[in-house]
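Quick note: residue numbers are just sequence positions, from 1.
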Amino acid sequence: MVKRKKTYQKYHKKKSLSLLQIGCFALLLGFLLVAALGTWSYQTYQREVKQADDARQAFIEAIVPVSQDLYQETGILPSITISQAILESDWGNSELAANYNNLFGIKAGPDQESVSLPTLEFENNEWITITADFRAYESWDESIRDHANTLVYGTTWNKDQYRALLDATDYIGQAKGLQQGGYATDPDYATKIIDLIRTHQLYQYD
């Protein structure tokens, strides 16, 4: 009986040790799996961030040349043109920009090719959705040139609507001139333009 008891204890000890080894192995395997998934997720995230950054840089570079040409003609800083295009078109991804080449949310006048789309407007201290008629263009370049003409020649009811912008010589002054001229109803419009210019160093194109 004593011998059998020792044998049983020895067997039980070995069995417990085996279960402990299996548990440790499972824990190690789980740790390695989590680490591998974490690495894969981080690499995927990095890849997606790089793709987004590359797409944004490509958007900027696509409109830099015409923006710089128009600066020589109008005095509108390229950083202002580019930052407005980014803000108004969501980096060229909005329906209005992607399908109708309107980068600046410019409304359509009588007898102009247009499309009706919903848009947000800030009225009576709140954001509301309205439907408006927007210009449709053949290309982004056409949109950028029409945008410059709008700022230089104003509107049919006020040819000097953006005089404050045209009189300014730096991007801060021109951004404030946009808001002063009522380009958008957003009360933070100038701040958003300035933040975009600084964040993406768009002043390097001026």
Side-chain angles (χ1 to χ4, degrees), residues 48-121 129-156 161-162 165-166 168 170-172 174-175 177-179 181-186 188-206:
E48 290 175 349
V49 168
K50 185 178 186 306
Q51 288 173 347
D53 288 343
D54 289 346
R56 290 181 172 186
Q57 187 59 36
F59 177 79
I60 291 172
E61 292 175 359
I63 60 180
V64 163
V66 64
S67 299
Q68 291 179 330
D69 287 345
L70 287 170
Y71 169 65
Q72 301 300 323
E73 301 173 21
T74 66
I76 301 169
L77 292 168
S79 61
I80 290 294
T81 301
I82 299 166
S83 59
Q84 268 201 285
I86 292 170
L87 182 59
E88 295 286 349
S89 74
D90 186 25
W91 297 92
N93 293 316
S94 70
E95 181 180 359
L96 187 59
N99 296 334
Y100 304 100
N101 296 310
N102 188 332
L103 294 174
F104 301 94
I106 293 179
K107 303 288 194 344
D111 302 321
Q112 290 181 325
E113 187 175 354
S114 65
V115 58
S116 295
L117 292 173
T119 184
L120 287 174
E121 297 285 352
T129 300
I130 65 169
T131 298
D133 293 332
F134 294 93
R135 286 289 309 273
Y137 299 99
E138 293 296 324
S139 66
W140 284 0
D141 275 18
E142 184 183 358
S143 173
I144 295 169
R145 292 185 180 280
D146 190 45
H147 166 260
N149 286 335
T150 299
L151 299 184
V152 170
Y153 298 110
T155 59
T156 55
Q161 186 163 344
Y162 300 106
L165 176 147
L166 298 173
D170 59 68
Y171 68 83
I172 295 176
Q174 291 199 357
L178 279 172
Q179 185 157 349
Y183 190 93
T185 58
D186 185 348
D188 298 318
Y189 195 76
T191 299
K192 290 177 180 178
I193 291 294
I194 293 169
D195 286 347
L196 279 169
I197 291 172
R198 289 174 173 169
T199 299
H200 301 284
Q201 301 179 358
L202 301 179
Y203 44 74
Q204 67 182 293
Y205 303 109
D206 291 344

Please check: side-chain N/O of [X] versus main-chain N/O of [Y], any donor-acceptor pairing under 3.5 Å?
X    : Y    : result
S67  : I63  : yes
Q161 : G154 : no
Q174 : G75  : yes
Q68  : P78  : no
D195 : T199 : no

What do you reckon, is CD of E138 surrounded by more than 12 foreign heavy atoms closer than 6.0 Å?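 No, CD of E138 has 12 or fewer neighbouring heavy atoms, counting only those of other groups under 6.0 Å.
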
Note: D141-R145 ion pair, threshold 4.0 Å (strictly below):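 No, no charged N to carboxylate O under 4.0 Å.
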
Min side-chain heavy-atom separation [X]-[Y] under 4.5 Å:
X    : Y    : value
L202 : I80  : no
T74  : L151 : no
F104 : L96  : no
F134 : E95  : no
T81  : L70  : no
Y71  : D206 : no
Y162 : V152 : no
L103 : F59  : yes

Parallel, tilted or perpendicular: rings of Y203 and Y171 (30°, 60°):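 Rings of Y171 and Y203: parallel, under 30°.
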
Check whether the side chains of Y137 and D146 place a donor and an acceptor atom closer than 3.5 Å, and report yes or no.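 A donor-acceptor contact under 3.5 Å links the two side chains.
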
Quick one: pull up CD1 in I144 and CG in D69 and give me the separation to the nearest 0.5 Å.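 Those atoms lie 10.5 Å apart.
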
I'd like to know whether Y189 forms a side chain to side chain donor-acceptor pair (under 3.5 Å) with Q84, so could you lay out the CA-CA distance, the side-chain angles of the two residues, the decisive distance to 0.1 Å, and finally the verdict. CA-CA 10 Å; Y189 195 76; Q84 268 201 285; 2.8 Å; yes

